[in-house]
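Any value given below was found using the heavy atoms of this structure, including those in side chains, with hydrogens, waters and symmetry copies removed. We count residues from 1, following the sequence as given.
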Amino acid sequence: EVQLVESGGGLVQAGGSLRLSCAASGSTFDNYAIGWFRQAPGKEREGVSCISSSGGHTDYADSVKGRFTISRDNAGNTVYLQMNSLKPEDTAIYYCAASIWVATMTETMYDYWGQGTQVTVSS
């Protein structure tokens with residue numbers, strides 16, 4: 001198994017940037033694909049981005065494409081989500097999750113989840 005801890009959330013003005021981190025421990029990190037998901041108030045949780053175990057494949061939700069960038073540092077056991085040009089609609093709790101061998105934004109495919117980090121974007 002793998003343990004995941006998100007960090008980097010906070011309050012930012014519209015148009016600003018944040019970088020979220022997902023730190024992993026407890027297993028072989030580079031065996032896992034990592035996804036970022038978010039849940040806004042009153043809405044269902046949705047996929048934001050994902051990255052394969054090697055980093056060779058990435059995917060993004062249409063709503064964040066061109067603004068967010070996912071990357072991973074396997075030596076440091078960390079996946080990052082760089083969020084630029086933030087909008088109030090990006091306000092949500094952001095979660096990272098680990099899936100062995102598969103990079104997908106379908107949340108049922110993920111085995112391990114972090115506790116989430118709050119991102120709030122003011123207008």
Considering residues at least two apart in sequence or located in another chain, which fulfil the side chain to side chain donor-acceptor pair (under 3.5 Å) criterion with Gln13?
-> none

What heavy-atom pair brings Ser123 and Ala14 nearest, and what distance separates the two atoms?
-> CA-CB, 4.4 Å

Look at atom CD of Gln115 and say whether more than 12 heavy atoms of other residues, nucleotides or ligands are closer to it than 6.0 Å.
-> yes

Closest contact, heavy atoms only, Leu20 versus Gly9 = CD2-N, 3.6 Å

Non-neighbouring partners of Glu89 that pass salt bridge (Lys or Arg N to Asp or Glu O under 4.0 Å), sequence neighbours left out | none

Between Ser99 (side chain) and Ala103 (backbone), is there a donor-acceptor pair under 3.5 Å?
-> no

Got Met105 and Asp59 here, is their nearest side-chain heavy-atom distance under 4.5 Å?
-> yes

Is the shortest heavy-atom distance from the side chain of Ser7 to the side chain of Thr117 under 4.5 Å?
-> no

For the side chain of Thr78 and the backbone of Gly76, is there at least one donor-acceptor N/O pair under 3.5 Å apart?
-> yes

For residues Ala61 and Gly47, report the shortest heavy-atom separation together with the two atoms involved.
-> CB-O, 3.5 Å

ring-ring contact (aromatic ring centres under 6.0 Å, His included) partners for Phe37, two or more places apart | Tyr110, Trp113

In short, Cys96 meets Ile34 closest at the heavy-atom pair CB-CG2, 4.4 Å

Leu4 vs Tyr95 side-chain heavy atoms within contact, under 4.5 Å = no

Check the hydrophobic clustering (I, L, V, M, F, W, Y; side-chain heavy atoms under 4.5 Å; chains of links allowed) and say if Trp36 and Ile51 are grouped together.
-> yes

Spatial distance of atom CD (Gln3) from atom CG (Asn77) [nearest 0.5 Å] | 11.5 Å

Can you check whether Gln82's main-chain N or O pairs, donor with acceptor, with Thr69's side chain at less than 3.5 Å?
-> no

Roughly how far, to the nearest 0.5 Å, is the CD atom of Glu6 from the CD atom of Gln118?
-> 12.0 Å

Given Ile70 and Tyr80, is the side chain to side chain contact (heavy atoms under 4.5 Å, CB included) satisfied, shown in steps?
-> CA-CA 6 Å; Ile70 192 169; Tyr80 302 98; over 6 Å; no

Using modelled atom types only, decide if a donor and an acceptor are shared between the side chain of Thr104 and the backbone of Thr106 within a distance under 3.5 Å.
-> yes

Sequence neighbours left out, what pairs pass salt bridge (Lys or Arg N to Asp or Glu O under 4.0 Å) with at least one residue falling in residues 62-81?
-> Arg67-Asp90

Check whether any side-chain N or O of Thr91 sits under 3.5 Å from a backbone N or O of Val121 as a donor-acceptor pair, and report yes or no.
-> yes

Between atom CG of Leu86 and atom CZ of Phe68, what is the distance when rounded to the nearest 0.5 Å?
-> 5.0 Å

Verdict with reasoning, Val48 to Leu81, per side chain to side chain contact (heavy atoms under 4.5 Å, CB included) = CA-CA 10 Å; Val48 176; Leu81 185 68; 4.2 Å; yes

Applying side-chain contact (heavy atoms from CB on, under 4.5 Å), name anything that partners Ala92, two or more places apart in sequence or on another chain.
-> Arg38, Ala40, Tyr94

State yes or no: do Tyr112 and Met109 share one hydrophobic cluster built from I, L, V, M, F, W and Y residues joined by side-chain heavy-atom distances below 4.5 Å, directly or via other members?
-> no

Closest non-hydrogen atom pair, Ala24 against Val2 = CB-CG2, 3.8 Å

Sub-4.5 Å side-chain heavy-atom contact between Leu18 and Val119 = yes

Could you tell me which residues satisfy salt bridge (Lys or Arg N to Asp or Glu O under 4.0 Å) with Arg19, sequence neighbours excluded, listed by chain and number?
-> none

Could you tell me whether the side chain of Tyr60 reaches within less than 4.5 Å of the side chain of Thr58, counting heavy atoms only?
-> yes

Could you give me the CA-CA distance, side-chain angles and deciding distance for Asn31 and Ser53, then say whether side chain to side chain contact (heavy atoms under 4.5 Å, CB included) is met?
-> CA-CA 6 Å; Asn31 285 344; Ser53 60; 5.9 Å; no

